Amino acid sequence: MRLTVIGSGPAAPELDTPASGNLVSSDGTAVLLDCGYGVVGRLRSTIDPRALDGVVIGHLHADHFLDLAALRYMHPWNGGGDRRPAVWLPPGGRSRLVGLAEMMSERPSFFEEAFDLAEYESDGPFEIGDLKITPSPMQHYVPAWAMTVADRSGARLVYGGDTGPTDRLLAAARRADLLIVEATLRSVGEDEVTRGHCTLDEAIAIASAAEVDRTLITHYPSVRRADVQAAALAAGTRFSVAVPGTQIDVVPASDRPATADAMVPGQGTGGVALGHREAALAV
Ligand SMILES: [Zn+2]
Ligand SMILES: [Zn+2]
């Protein structure tokens with residue numbers, strides 16, 4: 001499967017990136033992990049949002065779900081008929097969407113009419129197309145879940161969403177082929193006593209302890225991008241920093257070269273070592 005970063009920004013809007021959104025594509029399935037503001041418009045430069053098979057929302061903060069409203073206004077979907085994208089929400093999410101529809105002066109059934117809405121349960125796996133997705137509870141200011149996405153080849157991607165440093169993320173990410181982890185904070189002092197976000201050092205420490213193959217840092221203010229990239233580079237070639245357009249092919253350990261960084265096919269002669277690759281930043 002392939003990851004494409006759509007948005008890497010935190011809650012405060014940025015000039016050069018939408019809020020949280022990560023597209024995961026396999027041969028037959030396209031799923032968006034989180035749908036924060038600005039994501040659907042930016043997604044159009046990668047795929048037609050009406051072709052999404054599903055959207056999975058990790059928690060109900062605006063920078064992770066509010067563009068479901070934008071997506072809804074793209075209805076009707078490609079192909080017409082009864083095909084509707086699956087939208088998987090946290091527990092209690094359906095009634096929250098009814099409230100959002102009413103706030104928008106739309107019918108209470110506004111979202112239900114266009115999406116196949118469902119609520120997941122903690123640690124309860126579900127499938128969208130050929131992808132299996134497992135939500136794991138994290139540590140945030142509101143209930144929040146990380147998503148583990150597995151494809152039929154055995155490749156495993158873990159998207160932590162918003163979370164403070166927690167053993168639960170460490171457990172979910174253990175030996176993942178790709179971990180997408182947030183680094184919202186400049187320092188621990190910016191956070192509340194009960195932690196809800198990570199610093200960059202904490203993100204790197206969790207990824208290292210979990211022995212993941214590749215780590216992508218996300219959910220950081222753009223003004224800190226140069227510092228975050230320098231720190232990721234210093235942490236080693238297995239770390240890189242998300243910007244809109246970053247693409248990583250996620251392959252299981254059994255399919256990776258034994259001695260070198262994984263390569264991205266089709267990205268120039270012989271591929272490009274991911275650790276040294278900087279995707280173009282679309283503004
Ligand atoms: Zn957030
Ligand atoms: Zn949040």
Side-chain angles (χ1 to χ4, degrees), residues 3-24 31-43 55-71 87-93 96-97 99-100 119-120 122 135-149 157-166 168-169 172-173 179-204 206-207 215-225 228 241-244 246:
L3 168 81
T4 304
V5 175
I6 307 301
S8 58
E14 298 285 1
L15 271 175
D16 55 9
T17 176
S20 291
N22 295 288
L23 176 66
V24 180
V31 171
L32 186 63
L33 303 179
D34 279 349
C35 192
Y37 25 72
V39 164
V40 171
R42 180 61 178 78
L43 182 63
V55 182
V56 182
I57 303 297
H59 71 293
L60 292 170
H61 272 158
D63 58 318
H64 294 258
F65 90 104
L66 205 55
D67 247 22
L68 284 177
L71 182 62
V87 174
W88 284 87
L89 301 163
R96 294 281 295 274
L97 279 196
L100 178 61
E119 296 179 2
Y120 54 76
S122 285
S136 304
M138 293 290 117
Q139 179 178 306
H140 196 43
Y141 314 120
V142 299
W145 285 262
M147 296 295 157
T148 298
V149 183
L157 172 162
V158 177
Y159 169 45
D162 282 5
T163 183
T166 166
R168 295 198 289 266
L169 179 58
L179 170 65
I180 309 168
V181 60
E182 68 131 290
T184 309
L185 304 175
R186 188 185 300 272
S187 70
V188 172
E190 291 180 345
D191 208 356
E192 298 178 7
V193 174
T194 302
R195 301 291 308 283
H197 284 301
C198 288
T199 67
L200 179 60
D201 286 348
E202 289 169 336
I204 290 171
I206 288 168
T215 299
L216 191 61
I217 307 290
T218 194
H219 202 279
Y220 60 92
S222 294
V223 69
R224 287 178 42 221
R225 180 169 294 131
V228 174
V241 178
V243 297
T246 298

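Both ligands and their constituent atoms are indexed starting at 1 by order of listing. Source: prediction; values computed, not measured.
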Original post:
Nearest heavy-atom pair of E14 and G9: which atoms, and what distance?
Top reply: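 So the minimum-distance heavy-atom pair works out to CG-CA, 4.5 Å.
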Subject >> Test item: T163 side-chain N/O and Q139 main-chain N/O as donor-acceptor pair under 3.5 Å >> reply: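 Yes.
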Original post:
Between NE2 of H64 and OD2 of D162, what angle is found at the Zn ion (ligand 1), rounded to 10 degrees?
Top reply: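 Approximately 90° at the metal, rounded to tens of degrees.
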Subject >> Metal proximity, H59 vs the Zn ion (ligand 1), N/O/S cut-off 2.8 Å >> reply: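 Here the distance criterion (N, O or S atom, under 2.8 Å) is not met by H59, so no.
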Original post:
Of all the atoms in H61, is at least one N, O or S atom closer to the Zn ion (ligand 1) than 2.8 Å?
Top reply: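 No N, O or S atom of H61 is closer than 2.8 Å to the Zn ion (ligand 1), so no.
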**OP:** For side chain to side chain contact (heavy atoms under 4.5 Å, CB included), just list the numbers for V241 and L216, CA-CA rounded to whole Å, side-chain angles, deciding distance to a tenth of an Å, and then say yes or no.
**Re:** CA-CA 5 Å; V241 178; L216 191 61; 5.7 Å; no
**OP:** Return the name of the atom in D63, of element N, O or S, nearest to the Zn ion (ligand 1).
**Re:** OD2
Original post:
Is there a donor-acceptor contact under 3.5 Å linking the side chains of H61 and D162?
Top reply: no
Subject >> Neighbour count above 12 (heavy atom, 6.0 Å) for R195 CZ >> reply: yes
Subject >> Closest approach to the Zn ion (ligand 2) by H140, given as the N, O or S atom name >> reply: NE2
